[in-house]
Asks: 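Pasting in a structure now, in structure tokens, and then I'll have a few things to ask.
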Amino acid sequence: MTQKSEKKTAFQVEGIGYAVIPTVLDRSLVDMLYKSVDMETFTMARKLIREEGLLCSGSSGSAMAAAVKMAQQLEEGQRCVVILAKSVYNYVIIYVSKFLSDKWMCEKGLLSLLDFKPWWLNNSSVSVRSLQLSAPLTVLLSVSCQKIHLQY
């Protein structure tokens, strides 16, 4: 909820914001809240898709952007876990997520196509084989997180 002194702002990220506070949220367990903005949210979501191959939603981009900022405050040996709760799949099937559209991002002032120059644009000699990617790790649904952590 906004206080009278706060200015109401329209957020472009689907599924999060002032209007969506989960009823299962136990605020007594929350140490800190981080308020993200559309630019960092969508930039991070697109980066996760482009660089990590994670088909995540805008709200997952928001969670990761907040985690990256908070992780900078960690001490040596501490860890940061981020749950990317939504994939972009549902958004694409239902109504093609707006942040995936370069045109929409430019119209909202969230992306400049002049600034976007992928590494492969003028490098036709690079092949996927030359990237020397490792095989993806797959885990059965029946394997516990603890067991995976101990092995890797």
Asks: Could you tell me which residues satisfy side chain to side chain contact (heavy atoms under 4.5 Å, CB included) with Val68, sequence neighbours excluded, listed by chain and number?
Replies: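 Val68 satisfies side chain to side chain contact (heavy atoms under 4.5 Å, CB included) with Met44, Met64, Gln72 only.
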Asks: Thr41 side chain to Val37 main-chain N or O, any donor-acceptor pair under 3.5 Å?
Replies: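 At least one qualifying donor-acceptor pair exists.
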Asks: Listed by chain and number, what are the salt bridge (charged side-chain N to carboxylate O under 4.0 Å, His left out) partners of Lys69, not counting sequence neighbours?
Replies: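 Only Glu40 meet the salt bridge (charged side-chain N to carboxylate O under 4.0 Å, His left out) criterion with Lys69.
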Asks: Partners of Gln78 by side chain to side chain contact (heavy atoms under 4.5 Å, CB included), sequence neighbours excluded?
Replies: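 Counting only residues at least two positions away or on another chain, Gln78 forms a side chain to side chain contact (heavy atoms under 4.5 Å, CB included) with Leu74, Glu75.
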Asks: Can you list, pair by pair, the side-chain donor-acceptor contacts under 3.5 Å of residues 23-31, counting residues two or more places apart and other chains?
Replies:
unit_1 : atom_1 : unit_2 : atom_2 : d
Asp26  : OD1    : Ser28  : N      : 3.1
Asp26  : OD1    : Ser28  : OG     : 2.6
Asp26  : OD2    : Ser28  : OG     : 3.4

Asks: Quick check: closest heavy atoms across Phe99 and Ala45, and the distance to 0.1 Å?
Replies: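 The pair with the smallest heavy-atom distance is CE1-CB, 3.5 Å.
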Asks: A side-chain contact here means heavy atoms from C-beta on lying under 4.5 Å apart; do Leu48 and Leu84 qualify?
Replies: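 The answer is yes, as the side chains (C-beta and beyond) meet within the 4.5 Å cut-off.
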Asks: Can you tell me how far the CE atom of Met105 sits from the CG atom of Leu110, to the nearest 0.5 Å?
Replies: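 Output value for this atom pair is 5.0 Å.
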Asks: Would Lys47 and Glu52 count as a side-chain contact (heavy atoms from CB on, under 4.5 Å) if you check the C-alpha gap in whole Å, the side-chain angles of each, and the deciding distance to 0.1 Å?
Replies: CA-CA 7 Å; Lys47 184 175 184 177; Glu52 303 297 335; over 6 Å; no
Asks: Give the other cluster members for Tyr34, using side-chain heavy-atom distances under 4.5 Å between Ile, Leu, Val, Met, Phe, Trp and Tyr residues; answer none if it is isolated.
Replies: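 Met32, Met70, all in the cluster of Tyr34.
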Asks: Return the minimal non-hydrogen interatomic distance between Cys56 and Ile49, and the atom names on each side.
Replies: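 Reported closest heavy-atom pair: O-CD1, 3.8 Å.
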Asks: Fit a plane to each ring of Trp104 and Phe42, take the angle between them on a 0 to 90° scale, and name the class: parallel (under 30°), tilted (30 to 60°) or perpendicular (over 60°).
Replies: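 Aromatic pair Trp104/Phe42 classed perpendicular.
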Asks: Quick one: which residue pairs count as a salt bridge (charged side-chain N to carboxylate O under 4.0 Å, His left out) with a foot in residues 53-66, not counting sequence neighbours?
Replies: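 Residue pairs with at least one partner in residues 53-66: there are none.
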